[in-house]
Amino acid sequence: MKQQFSFAYTRYDSAEELPAADKSLLEKARETTGDAYAPYSRFKVAAAARLNDGSLVTATNQENASYPVGICAERTLLSAVSALYPGRKIDTIALSYTGGGNADRPVSPCGLCRQTLVEYEERFSQPIRLVLGGQTGPVYVISSCADLLPLRFTAAHLNGAG
Ligand code: THU
């Protein structure tokens, strides 16, 4: 039997159209790209999280002369939240970047980060919203990271459940 996966997300023509909380979170991510350590790719990514209690946490990609050692902004952020605010949950993450041209289209998490993000959703028992943008241009809002990883591998497989 043929199966199909689809999901709905919201596309805004620009950050100006976003709800106020998402707009300010994306603005925070845009500003924070300057803090990235990306001397090799020159692709500077920033992730800004709004926690359930309204706190903001930001992070950037951290590269290394041994290229695979580098870590994306998203996973830096998740580790920072876990380390600095244990027990607190993330409501929304905004992503932005500079480099790779005009940065006028949304960035999107890599496969490794999608897998990591989904595990945090499961830990939180709560979806993490994503606000994906560039420095200008359209912005995508996705209501759960799980939407970006169909047929994902989870702890349920290890446990023989589900
Ligand atoms: N990168 C991120 O930090 N997040 C993404 O969503 C895409 C890629 C980083 C990894 C590397 O430092 C640089 O961007 C180029 O791939």
Side-chain angles (χ1 to χ4, degrees), residues 5-15 18 21-51 55-85 88-124 126-154:
F5 171 81
S6 70
F7 77 101
Y9 65 99
T10 308
R11 181 194 190 279
Y12 295 89
D13 285 339
S14 81
L18 288 169
D22 289 344
K23 187 179 169 200
S24 63
L25 197 64
L26 179 59
E27 195 46 52
K28 193 82 189 155
R30 285 174 170 173
E31 291 166 14
T32 304
T33 56
D35 297 338
Y37 178 68
Y40 306 105
S41 71
R42 312 240 174 239
F43 193 77
K44 296 184 165 191
V45 185
R50 188 175 61 244
L51 310 188
S55 316
L56 295 189
V57 185
T58 57
T60 54
N61 55 332
Q62 302 293 315
E63 297 187 347
N64 192 281
S66 174
Y67 294 178
V69 175
I71 181 167
C72 296
E74 294 91 324
R75 280 173 294 126
T76 308
L77 178 71
L78 293 169
S79 295
V81 170
S82 270
L84 299 172
Y85 301 95
R88 290 201 228 171
K89 300 180 180 186
I90 299 173
D91 180 88
T92 304
I93 295 176
L95 297 177
S96 189
Y97 67 104
T98 57
N102 295 329
D104 58 2
R105 62 182 202 161
V107 68
S108 193
C110 79
L112 213 58
C113 288
R114 290 175 194 212
Q115 181 71 25
T116 312
L117 286 160
V118 167
E119 180 114 359
Y120 275 77
E121 289 189 329
E122 291 181 357
R123 282 170 62 173
F124 295 153
Q126 176 181 301
I128 300 173
R129 298 173 64 250
L130 290 175
V131 177
L132 307 179
Q135 292 297 324
T136 59
V139 179
Y140 302 158
V141 177
I142 293 167
S143 51
S144 171
C145 299
D147 288 342
L148 295 179
L149 202 59
L151 300 181
R152 56 196 163 275
F153 180 79
T154 70

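Because the structure is predicted, anything quoted here is derived from the model rather than measured. Atoms within each ligand, like the ligands themselves, are counted from 1 in listed order. Hydrogens, waters and symmetry mates are skipped; everything else that's a heavy atom, side chains included, is used.
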Practice prompt. Nearest heavy atom to atom 7 (C) of ligand 1 wins, so pick from Ser108, Cys113, Ala38.
Written response: Ser108
For residues 64-78, run the donor-acceptor check on the side chains, cut-off 3.5 Å, and write out each pair with its distance to 0.1 Å, sequence neighbours left out.
from	atom 1	to	atom 2	distance (Å)
Asn64	OD1	Ser66	N	2.8
Thr76	OG1	Thr60	O	3.2
Thr76	OG1	Cys72	O	2.9

Worksheet entry | Glu119, CD atom: more than 12 neighbouring heavy atoms under 6.0 Å | no
Worksheet item: Short list, please: which atoms of ligand 1 are under 4.0 Å from a heavy atom of Ser41?
Response: 13 (C), 15 (C)
Discussion item. Which of the numbered atoms in ligand 1 are under 4.0 angstrom from any heavy atom belonging to Glu63?
Written reply: 11 (C), 12 (O), 13 (C)
Discussion item. Looking at atom 16 (O) of ligand 1, tell me if a protein heavy atom falls under 4.0 Å from it.
Written reply: no
Worksheet item: Within a strict 4.5 Å, meaning less than it, do heavy atoms of the Arg88 and Val81 side chains meet?
Response: no
Discussion item. Taking the side chain as everything from C-beta on, heavy atoms only, tell me whether Asp22 gets closer than 4.5 Å to Arg50.
Written reply: yes
Worksheet item: Can you tell me the protein heavy atom closest to atom 9 (C) of ligand 1 and the distance?
Response: Asn61 ND2, 3.5 Å
Discussion item. Is the shortest side-chain heavy-atom distance between Leu148 and Leu130 below 4.5 Å?
Written reply: yes
Response to the item:
Those residues at least two apart in sequence (or on a different chain) that pass side-chain contact (heavy atoms from CB on, under 4.5 Å) with Tyr9 are Phe7, Tyr140, Ile142
Discussion item. Using a 4.0 Å cutoff against the non-hydrogen atoms of Val45, which atoms of ligand 1 qualify?
Written reply: 1 (N), 2 (C), 3 (O), 4 (N), 9 (C), 14 (O)
Worksheet item: Under 4.0 Å from any heavy atom of Glu74, which atoms of ligand 1 are there?
Response: 2 (C), 3 (O), 4 (N), 5 (C), 6 (O)
Worksheet item: So, Arg152 side chain and Ala146 main chain: donor-acceptor pair closer than 3.5 Å or not?
Response: yes
Worksheet entry | Nearest-neighbour protein heavy atom for atom 10 (C) of ligand 1, which is reported as residue plus atom name and distance | Cys72 SG, 3.9 Å
Fill in: contact_flag Pro109 ligand 1 heavy-atom lt 4.0 Å
yes
Item to complete: Would you mind checking which non-hydrogen protein atom is closest to atom 3 (O) of ligand 1, with the distance to 0.1 Å?
Response: Ala73 N, 2.9 Å
